[in-house]
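Notes follow the structure.
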Amino acid sequence: MGYGELIVRSYDPQYDRTRVEDFERKCEVGPAKRVFLFTDTLGDPICRIRNSPIYKMLVAELGNQLVGVIQGSIKLVTVHKPPNDLAKVGYILGLRVSSLYRRRGIGSSLVIKLEEWFIANDVDYAYMATEKDNKASVKLFVDRLSYVKFQTPTILVNPVSHRMSRISSNVELAKLKVEEAEAIYRKFMSSTEFFPIDIGNILRNKLSLGTWAAYPRGESWGGVPSSWAMLSVWNSGELFKLRLGNAPLSCLMYTKSSRLIEKLVPCVKLPCIPDFFRPFGFYFIYGVYRGGPLSGKLVRTLCRFVHNMASKSKDCKVIVTEVGGSDTSRLHIPHWKSLSCPEDLWCIKALKNEKKNSLHELTKTPPTRALFVDPREV
């Protein structure tokens with residue numbers, strides 16, 4: 001039975017919005033063997049890229065049937081060591097193909113068309129992120145489209161409970177002004193790979209709830225404390241919602257039992273996780289950086305502070321953080337192992353001939369301890 005010619009074209013909000021919204025609701029995110037999420041873009045299918053400097057969505061059609069979508073964004077970032085080494089990069093996200101039309105080359109066609117848009121906009125490298133165990137995605141990008149492994153960050157997910165976390169009295173917390181936070185990030189993190197040059201725009205975005213620093217009480221922030229840590233918070237729940245479609249049986253049982261015990265014996269301090277089976281929002285922690293012998297403790301204190309912020313929100317049910325795979329800060333960031341992803345896989349591809357030689361050097365360079373994950377690409 002024929003379906004006609006595959007057409008890949010730009011997203012038309014007037015014609016495609018309702019169709020893409022319905023399509024997204026039916027497409028799961030993540031490996032179905034463990035857990036998958038459904039997204040609700042709140043009537044704006046391009047919400048995940050709208051805050052990027054340049055962005056585009058493509059749709060794939062067979063006949064009048066919408067069978068696939070993909071999104072991309074473009075920005076200027078550091079590569080190797082600044083200030084001389086800058087590159088324009090294109091980020092690929094939101095690739096979805098209808099389950100009824102997979103293994104027909106639709107995913108490849110969407111990626112290739114998006115790469116053509118990148119090339120037309122003078123992009124040096126294209127990159128994407130997927131879970132390491134997502135065999136279909138790895139096969140498509142690495143085996144078929146010549147992408148290579150770039151980074152393996154760790155995604156940490158921590159449920160938000162209504163109980164407030166204890167903040168140590170030995171720690172001083174300070175909310176930084178945007179200009180101060182931008183200066184510190186440029187000083188300490190601009191040498192990391194793919195640090196966004198427009199960091200100021202990220203920090204000034206209405207979705208960025210602020211940047212906080214922690215240091216030992218009794219010391220002065222202006223006087224360079226002996227230990228310090230900082231992080232910023234992005235309210236992803238204002239853009240789109242998530243809903244859990246499947247979960248490990250142990251997680252499900254724990255959810256029900258913890259609520260029952262809390263109701264019957266409220267004095268028992270058993271952590272209770274939220275109801276993930278209804279749409280929920282989340283906070284994304286980004287720009288985690290620290291220094292000094294007590295900095296691990298300070299990171300944990302900042303995370304507790306963010307948890308207390310989130311607990312006051314009716315919508316935020318989890319806090320998500322992504323750090324470099326070799327960053328020991330992950331040992332100090334509260335998270336649930338069953339909800340987290342120990343190895344997210346970033347893959348990269350050079351789109352210009354002169355960049356292909358440098359790609360080998362880029363991918364073979366040992367990953368830096370810190371990693372700045374752009375919250376606009378979550």
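A quick note: this is a predicted structure, and the numbers were derived from the prediction, not measured.
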Handout entry: Atom pair CD1/CG of Ile46 and Asp16 - distance to nearest 0.5 Å
Key = 11.0 Å
Completion exercise
So OG of Ser227 and OH of Tyr215: to nearest 0.5 Å the spacing works out to 13.5 Å
Practice task
Test side chain to side chain contact (heavy atoms under 4.5 Å, CB included) on Lys297 and Ser168 and set out the steps.
Solution key: CA-CA 10 Å; Lys297 175 184 176 182; Ser168 173; 4.2 Å; yes
Exercise for the section: Measure up the Phe282 and Phe240 rings against each other and bin them: parallel (under 30°), tilted (30 to 60°), perpendicular (over 60°). Expected result: perpendicular
Practice task
Could you tell me whether the side chain of Lys349 and the main chain of Leu145 form a donor-acceptor pair under 3.5 Å?
Solution key: yes
Exercise for the section: Find out whether Pro375 and Ile202 are in side-chain contact, i.e. whether some heavy atom of one side chain is under 4.5 Å from a heavy atom of the other. Expected result: yes
Exercise for the section: With the side chain counted from C-beta on, respond yes when Ser10 and Lys56 share a heavy-atom pair under 4.5 Å apart, and no when they do not. Expected result: yes
Exercise for the section: Evaluate the side chain to side chain contact (heavy atoms under 4.5 Å, CB included) criterion for residues Lys312 and Met164: first the C-alpha distance (whole Å), next the side-chain angles of each, then the deciding distance (0.1 Å), finally the verdict. Expected result: CA-CA 9 Å; Lys312 298 175 183 178; Met164 303 291 282; 3.9 Å; yes
Exercise for the section: Would you confirm whether Asn308, through its side chain, and Ser165, through its main-chain N or O, come within 3.5 Å as a donor-acceptor pair? Expected result: yes
Practice task
Evaluate the side chain to side chain donor-acceptor pair (under 3.5 Å) criterion for residues Glu180 and Trp221: first the C-alpha distance (whole Å), next the side-chain angles of each, then the deciding distance (0.1 Å), finally the verdict.
Solution key: CA-CA 12 Å; Glu180 184 180 9; Trp221 174 248; 2.6 Å; yes
Problem - Exam field: side chain Arg9 to backbone Val59, donor-acceptor pair closer than 3.5 Å - result: no
Handout entry: Closest non-hydrogen atom pair between Ala229 and Val299, with its separation
Key = CB-CG2, 3.8 Å
Practice task
With sequence neighbours left out, write down each residue that passes salt bridge (charged side-chain N to carboxylate O under 4.0 Å, His left out) with Asp40, or none if nothing qualifies.
Solution key: none
Problem - Side chain Ser236, main chain Phe284, donor-acceptor under 3.5 Å - result: no
Problem - same_hphob_cluster(Val8, Ile112) at 4.5 Å side-chain heavy-atom cutoff - result: yes
Problem - Heavy-atom neighbours of Asp143 CG exceed 12 at 6.0 Å - result: yes
Problem - Contact list for residues 39-59, test ring pair (Phe, Tyr, Trp, His ring centres under 6.0 Å), sequence neighbours left out - result: none
Practice task
Could you tell me whether Lys206 and Glu238 have a side-chain N and a carboxylate O separated by less than 4.0 Å?
Solution key: no
Handout entry: Where Gln151 and Leu371 come nearest, the two heavy atoms and their spacing
Key = NE2-CD1, 4.2 Å
Completion exercise
Taking every heavy atom of Arg300 against every heavy atom of Pro334, the minimum-distance pair comes out as NH1-CG, 3.8 Å
Practice task
Determine the minimum heavy-atom distance between Ser73 and Trp117, stating which atoms define it.
Solution key: N-CZ3, 4.5 Å
Practice task
Give, for atom CD1 of Ile184 and atom CG of Leu176, the distance between the pair rounded to the nearest 0.5 Å.
Solution key: 5.0 Å
Handout entry: Test side chain to side chain contact (heavy atoms under 4.5 Å, CB included) applied to Ser232 and Leu203, step by step
Key = CA-CA 8 Å; Ser232 300; Leu203 297 173; 3.8 Å; yes
Handout entry: Short side-chain to backbone donor-acceptor contact, Arg17 and Pro45, under 3.5 Å
Key = no
Handout entry: Modelled atom types, side-chain donor and acceptor of Arg290 and Ser329, under 3.5 Å
Key = yes
Completion exercise
salt bridge (Lys or Arg N to Asp or Glu O under 4.0 Å) with Asp198: of Lys75, Arg376, Arg186, Arg204, only one passes, and it is Arg376
Handout entry: For Asp122, all residues meeting salt bridge (charged side-chain N to carboxylate O under 4.0 Å, His left out), sequence neighbours excluded
Key = Lys352
Problem - Shared hydrophobic cluster, Leu209 / Ile167 (ILVMFWY, side-chain heavy atoms < 4.5 Å) - result: yes
Exercise for the section: May I ask whether Ile92 and Leu345 are part of the same hydrophobic cluster, defined by side-chain heavy atoms of I, L, V, M, F, W, Y residues being less than 4.5 angstrom apart, directly or through others? Expected result: no
Practice task
Classify the angle between the aromatic ring planes of Tyr147 and Phe141 as parallel (below 30°), tilted (30 to 60°) or perpendicular (above 60°).
Solution key: perpendicular
Problem - Minimum heavy-atom distance Ser137-Met128, with the two atoms named - result: OG-CE, 3.7 Å
Practice task
State yes or no: do Val79 and Tyr91 share one hydrophobic cluster built from I, L, V, M, F, W and Y residues joined by side-chain heavy-atom distances below 4.5 Å, directly or via other members?
Solution key: yes
Practice task
Check whether Val138 and Ile106 end up in the same hydrophobic cluster, where Ile, Leu, Val, Met, Phe, Trp and Tyr are linked by side-chain heavy atoms less than 4.5 Å apart.
Solution key: no
Completion exercise
Correct closest heavy-atom pair for Glu131 and Asp344 would be N-OD1, 3.8 Å
Exercise for the section: Would you indicate whether the side-chain heavy atoms of Leu6 and Val67 approach each other to under 4.5 Å? Expected result: yes
Problem - Any donor-acceptor pair under 3.5 Å from Thr78 side chain to Leu86 backbone - result: no
Handout entry: Trp336 and Val318, any side-chain heavy atoms less than 4.5 Å apart
Key = no
Handout entry: Note, Val306 side chain near Trp212 side chain (heavy atom, < 4.5 Å)
Key = no
Practice task
Compare all side-chain heavy atoms of Val148 with those of Cys347 and state whether any distance is below 4.5 angstrom.
Solution key: no
Practice task
Please check if the side chain of Ser295 supplies one atom and the backbone of Gly292 the other of a donor-acceptor pair under 3.5 Å.
Solution key: yes
Exercise for the section: Quick one: do His335 and Ser340 satisfy side chain to side chain donor-acceptor pair (under 3.5 Å)? Show the steps, please. Expected result: CA-CA 7 Å; His335 64 280; Ser340 302; 4.9 Å; no
Practice task
With the side chain counted from C-beta on, respond yes when Trp346 and Val373 share a heavy-atom pair under 4.5 Å apart, and no when they do not.
Solution key: yes
Fill in the blank from the handout: Rounded to the nearest 0.5 angstrom, the CZ-OH distance for Phe194 and Tyr125 is 7.5 Å
Problem - Donor-acceptor pair, side chain of Arg217 and main chain of Val171, under 3.5 angstrom - result: yes
Problem - Criterion side chain to side chain contact (heavy atoms under 4.5 Å, CB included) on Lys132 and Cys341, from CA distance to verdict - result: CA-CA 9 Å; Lys132 183 180 178 181; Cys341 173; over 6 Å; no
Problem - Ring centers of Phe372, Tyr185 separated by less than 6.0 Å - result: yes
Handout entry: Glu377 side chain reached by Leu93 side chain, heavy atoms, under 4.5 Å
Key = no
Handout entry: Point-to-point distance, once rounded to the nearest 0.5 Å, from CZ of Arg19 to CG of Leu66
Key = 5.0 Å
Problem - Sidechain-backbone polar pair: Asp124 side chain, Lys88 backbone, donor-acceptor under 3.5 Å - result: yes
Handout entry: Euclidean distance, Glu322 CD relative to Ile155 CD1, rounded to 0.5 Å
Key = 4.5 Å
